[in-house]
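Sequence lines set the chain letters: A, B, ... in the order given, protein chains first and strands last, and positions in each chain run from 1.
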Amino acid sequence: MATKTAIQAVKGTRDFYPEAMAFRNWLYGKIRAISERFGYQEYEAPILERLELYAAKSGEELVKEQSFVLKDRGGDELALRPELTPSLARMIAQRQASLVLPVRWYSFGPFWRYERPQRGRTREFFQWNIDLLGSDSPTADGEIVSIGAEFLRSVGLTPDEVVIRLNSRRLMEQKLAEIGIGAEQRLEVFHLIDRRDRMPPDKWQAWALEMGLSAGQLDALTALLGDSELWRESEELQQVFATAEALGVADYLTYDASIVRGLDYYTGPVFEAYDRGRTLRAIFGGGRYDNLVADVGGDRIPGVGFAMGDVIIELLLERVGKRPKLPTTPSRALVTLFSADLYGQTLALAASLRRAGINVEQYLEPERLSKQVRYADRKGIPWVVILGPDEVAAGRVVLKELASGEQRSCTPAEAIELLKAGQVEHASSPV
RNA sequence: GUGGAUGUAGCUCAAAGGCAGAGCACCGGUCUGUGGAACCGGUUGUUGCGGGUUCGACCCCCGUCAUCCACCCCA
């Protein structure tokens, strides 16, 4: 395409044209509705943070390879946030004395990772974070997982299409210890487990042996990962499942011993949501992090939460045919301009409709009515209001509904009633 | 960061070294008080960008940028 645009958008960013913005705001509306249904409060953190905030616990890869790093004028190293949880931990630590625990917070905003863009992966993405801090109880984990399930349900995804795979790092630590894998090897082995179905089996085994596992340990580990009944040995996992069962979302959950998550700060139950065919990356993922607040300088305040990016969920909804068709114009009606001499009366009519709470767009030139109606049709505006000489003489307007093609002559007051009836909140304004 | 593929009209794609095209979309008209259909007509381009080879380059070569795919990593 020959474009004369000299300045390109930053690699990996997306321009949100109104159609895309309508989807983003629809998603935001679903997120907000589910979060608040469970009593979570909305918050936001800075997009720029000190790099060292992530050095604390996020994992080396995330900090060194995937962060957008820049220096401020004082020479301090800053990063465009690659995730929210460390910022959340900092905010909690700063207010720990005055917060009423447990805290239930959620957020939806932009994040950055310096990766090579491709389908389903951008450098700037939007992410929903939802966290519950201040409770050690597995019912907190159960609540968080269930919120994820309720969200999936709310966007129309069924247990036939998606599944949340659940495990516990605590349980895995115990099982690893039983086969002789101690604390010093634990994180490394978690990374090994995390990557199992993303590598060819022979390479995966070679890697395992390379990090010092014996052939016997490798066999035992492989057996562990295939054991779908392992969760019965974990009281906390039993409680998580029981909570989800009681909340009516158990059909979205399954146990999977191979889920351990890549980030280093998880300490207890962990989970990831996938499409059933597992054709896409994880829809969301999260778990329990009991030491993170202490790690950024606060008291020990345990937490559990998850994060969901906007890119994969959109891709999945598209793929299963459940991406909603959203109106892109907020306009409820187009007020046509019949002729130049009616300009004043036409604008006054539009103004009176707006003051009555109706979203009204005004056609600016007295062009042929066919052009004006056509414009409304193509823009997706459902109603057209016509004020011509006949209407002015009678003190009435003509109201036409495009979908049905029906029209009627009525007084301005009646027009207001008709236009208000069934006027829905536009999708681009979050609920 | 590594490997591979692709860049031609707004979109989807032709043109295989010899005049840059089609469908859809768009604009106008048939139709100066009414959209979607039909018919008629029209516009659509620095062939991503820069260089090279050639009498001649969308086509071949080099570079570059962008997009896509696979690694990597993860939302």
Look at the side chain of A:Glu391 against the base of B:G33 and say whether a donor-acceptor pair falls under 3.5 Å; ignore hydrogens and angles. yes
Which part of the nucleic acid does A:Ser339 contact within heavy-atom distance under 4.0 Å: base, sugar-phosphate only, or nothing? nothing
Determine the interplanar angle of the A:Trp105 and A:Tyr43 rings, folded into 0 to 90°, and report it as parallel if under 30°, tilted if 30 to 60°, perpendicular if over 60°. tilted
So does A:Arg332 pair up with A:Glu361, basic N to acidic O under 4.0 Å? no
Any strand is fair game: report the nucleotide pairing with B:U54 by Watson-Crick or G-U wobble, both distances under 3.5 Å, or none. none
Measure from the side chain of A:Val398, starting at C-beta and using heavy atoms only, and say which of B:U34, B:C74, B:C27 lies closest. B:U34
In the strands shown, is B:G63 matched to any nucleotide by a Watson-Crick or G-U wobble pair with both distances under 3.5 Å, and which? B:C49
B:U34, OP1 or OP2 - any side-chain N/O from A:Gln372 closer than 4.0 Å? no
With heavy atoms under 4.0 Å as the rule, sort A:Arg261 into base, sugar-phosphate or nothing. sugar-phosphate
Between B:G18 and B:A57, how far is it from one C1' atom to the other, in whole Å? 10 Å
Which part of the nucleic acid does A:Asp390 contact within heavy-atom distance under 4.0 Å: base, sugar-phosphate only, or nothing? base
Looking only at the side chain of A:Phe338 (C-beta and beyond, no hydrogens), which of the listed nucleotides B:G35, B:G28, B:G33 gets closest? B:G33
Which one is paired to B:A70, where only Watson-Crick or G-U wobble pairs with both distances under 3.5 angstrom count? B:U2
B:G35 pairs with which nucleotide, Watson-Crick or G-U wobble, both distances below 3.5 Å? none
Should A:Lys371 be listed as having a side-chain N or O under 4.0 Å from OP1 or OP2 of B:G28? yes
Are the ring of A:Phe125 and the base ring of B:A75 both nearer than 5.5 Å at their centres and tilted by less than 30°? yes
Which part of the nucleic acid does A:Arg116 contact within heavy-atom distance under 4.0 Å: base, sugar-phosphate only, or nothing? base
Taking for A:Gln127 and for A:Thr13 the nucleotide of RNA chain B with the nearest heavy atom, the one nearer the 5' end belongs to A:Thr13
Over all strands shown, is A:Leu402 touching base, sugar-phosphate only, or nothing at heavy-atom distances under 4.0 angstrom? base
Indicate, with yes or no, if the rings of A:Trp231 and A:Phe241 have centres closer together than 6.0 Å. yes
With C1' as the reference atom in both, quote the distance from B:C19 to B:C62 in angstrom, rounded to an integer. 29 Å
Picking from B:G35, B:C71, B:G29, the nucleotide nearest the side-chain atoms of A:Arg368 would be B:G29
Basic-acidic side-chain contact under 4.0 Å: A:Arg123, A:Glu115: no
Does A:Arg281 make a side-chain donor-acceptor contact with the base of B:C74, cut-off 3.5 Å? yes
Looking at every strand, decide which applies to A:Gly405 at a 4.0 Å heavy-atom threshold: base, sugar-phosphate, or nothing. base
In whole Å, measure the gap between the P atoms of B:A15 and B:C73 for me. 41 Å
With a 4.0 Å cut-off on N to O distance, would you call A:Asp377 and A:Lys379 a salt bridge? no
Quick one: is the NZ or CZ of A:Arg323 closer than 6.0 Å to the six-membered ring centre of A:Phe23, and within 45° of its axis? yes
Over all strands shown, is A:Ala376 touching base, sugar-phosphate only, or nothing at heavy-atom distances under 4.0 angstrom? nothing
Whom does B:U8 pair with, Watson-Crick or G-U wobble, provided both distances fall under 3.5 Å? none
Would you kindly give the CZ-to-P distance between A:Arg14 and B:U67, to the nearest whole Å? 13 Å
OP1 or OP2 of B:C71 under 4.0 Å from side-chain N/O of A:Arg195: no
Identify whether any heavy atom of A:Ile386 sits under 4.0 Å from a base atom; if not, whether one sits that close to sugar-phosphate; answer base, sugar-phosphate or nothing. base
Side chain of A:Arg374, heavy atoms from C-beta onward: which of B:A75, B:C71, B:C27 has the nearest atom to it? B:C27
Under a 3.5 Å cut-off for both distances, is B:U44 Watson-Crick or wobble paired, and to whom? none
Quick one: do the A:Glu49 and A:Ser87 side chains pair a donor with an acceptor below 3.5 Å? yes
Base of B:A75 paired with side chain of A:Glu314 (donor-acceptor, under 3.5 Å): no
Classify A:Gln407 by what it touches in the nucleic acid, base, sugar-phosphate, or nothing, heavy-atom distance under 4.0 Å. base
